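Residue numbers start at 1 and run along the sequence shown. Every value quoted in this text rests on a predicted model; they were computed, and no experiment measured them.
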Amino acid sequence: MKNILSKKGAGFYLQVLTILCAVVGLIAYTVAGQDSYGFVPAVDVLLALGIVCGIVFCVKDFFRAGPILTMAFLGSAVGVFLLSRFMYYAHQFYGIASDPITGAMVATTVAFIGMLVFGMISAFFAWDKEGE
C-alpha cells in the first residue's frame with residue numbers, strides 16, 4: 001500500500017479530500033433532511049454515485065476522465081440540493097426564517113463547498129508522479 005501511495009501525485013490526494021467531503025456531506029445532509037423543508041433522496045443517490053465513482057477512479061482511471069465523471073455526479077447533487085433548499089437559504093439570508101440554522105445544515109453546506117473546490121482543483125493536477 002505504501003508503494004502505491006508513494007507513486008500518487010497531488011491530484012490523487014485532492015480527489016481523496018473530495019471524497020471525504022462528499023461522505024461528510026452525505027451524512028450531514030441525511031441528518032439535515034429531517035427538518036421541515038423536506039428531504040430529496042436524489043441528493044443522496046447522486047452523492048453516493050459520486051463517492052463510488054471517486055473511489056473507483058482513485059484505484060484505476062479507466063478512460064482518463066475519472067475526475068470529470070465524479071464531479072458530474074457530485075455537482076449534480078449540489079445542484080439538486082440547492083434547488084430543494086433555495087427557500088431555506090433565502091429565508092435565512094433575509095432573516096424571515098421560522099426555523100433556525102441547524103448545525104447539520106452548516107456542516108452540509110461547508111462539506112459541499114469543500115467537495116466542489118477540492119474536486120475542481122484535483123482535475124488540474126497529475127494523479128501519478130510520473131505524470132508531473
Side-chain angles (χ1 to χ4, degrees):
M1 183 70 149
K2 188 176 181 180
N3 188 27
I4 293 171
L5 292 178
S6 67
K7 295 179 183 178
K8 297 298 183 180
F12 170 81
Y13 293 108
L14 287 167
Q15 184 69 13
V16 170
L17 283 173
T18 302
I19 294 167
L20 289 176
C21 285
V23 169
V24 170
L26 176 66
I27 293 167
Y29 179 72
T30 303
V31 171
Q34 306 303 320
D35 67 4
S36 63
Y37 286 98
F39 175 76
V40 179
V43 175
D44 275 346
V45 170
L46 289 168
L47 281 172
L49 288 172
I51 291 167
V52 168
C53 277
I55 292 170
V56 167
F57 291 126
C58 276
V59 173
K60 173 88 171 126
D61 195 354
F62 300 101
F63 49 89
R64 311 281 297 161
I68 296 169
L69 186 59
T70 301
M71 285 309 297
F73 283 124
L74 298 178
S76 297
V78 171
V80 172
F81 167 75
L82 290 175
L83 184 64
S84 69
R85 298 296 175 146
F86 176 77
M87 292 305 291
Y88 176 83
Y89 285 113
H91 288 168
Q92 295 297 334
F93 180 75
Y94 288 109
I96 58 173
S98 59
D99 293 341
I101 296 176
T102 63
M105 281 306 293
V106 172
T108 302
T109 305
V110 170
F112 283 177
I113 290 170
M115 177 183 72
L116 290 176
V117 169
F118 291 135
M120 286 187 282
I121 293 173
S122 74
F124 294 102
F125 288 95
W127 282 36
D128 295 320
K129 286 192 177 176
E130 293 84 33
E132 288 182 334

Verify the cluster assignment for Ile51 and Val56: are they in a single hydrophobic cluster under the rule of side-chain heavy atoms below 4.5 Å apart? yes
The ring-ring contact (aromatic ring centres under 6.0 Å, His included) partners of Phe73 (sequence neighbours excluded) come to none
| query | Does some side-chain heavy atom of Leu46 sit less than 4.5 Å from a side-chain heavy atom of Leu74? | reply | no
For Met115 and Ala22 the tightest heavy-atom approach is SD-CB, 3.5 Å
Open item on the list: Donor-acceptor check, side chain of Ser122 to backbone of Leu14, threshold 3.5 angstrom: yes or no?
Closed with: no
Residues Thr18 and Gly119: closest non-hydrogen pair is OG1-N, 2.9 Å
request  = Report yes or no: do Val24 and Val78 belong to one cluster of Ile/Leu/Val/Met/Phe/Trp/Tyr joined by side chain heavy-atom distances under 4.5 Å?
outcome  = no
So CG of Leu20 and CD of Gln15: to nearest 0.5 Å the spacing works out to 10.5 Å
Across all chains, not counting sequence neighbours, the side-chain hydrogen bond (donor to acceptor under 3.5 Å, both in side chains) partners of Thr70 are none
Exercise. With the 4.5 Å side-chain cut-off for hydrophobic clustering, are Phe125 and Ile68 part of the same group?
Worked result: no
Discussion item. Check for me, please, whether Phe57 and Met120 land in the same ILVMFWY cluster - side-chain distances under 4.5 Å, paths through other members count.
Written reply: yes
What one should report as the nearest heavy-atom pair of Leu26 and Thr30 is O-OG1, 2.8 Å
Using the rule that Ile, Leu, Val, Met, Phe, Trp and Tyr join whenever any side-chain heavy atoms are under 4.5 Å apart, tell me whether Leu82 and Val43 fall into a single cluster.
yes
On a heavy-atom basis, the closest approach of Tyr29 and Ser84 is OH-OG, 4.3 Å
Minimal heavy-atom distance between Phe112 and Gly25, with the atoms involved, is CE2-CA, 3.7 Å
Heavy atoms of Ile19 and Gly54 approach each other most closely as CD1-C, 3.3 Å
TODO: Find out whether Thr108 and Arg85 are in side-chain contact, i.e. whether some heavy atom of one side chain is under 4.5 Å from a heavy atom of the other.
DONE: no
Residues passing the side-chain contact (heavy atoms from CB on, under 4.5 Å) test with Val45, sequence neighbours excluded, are Leu49
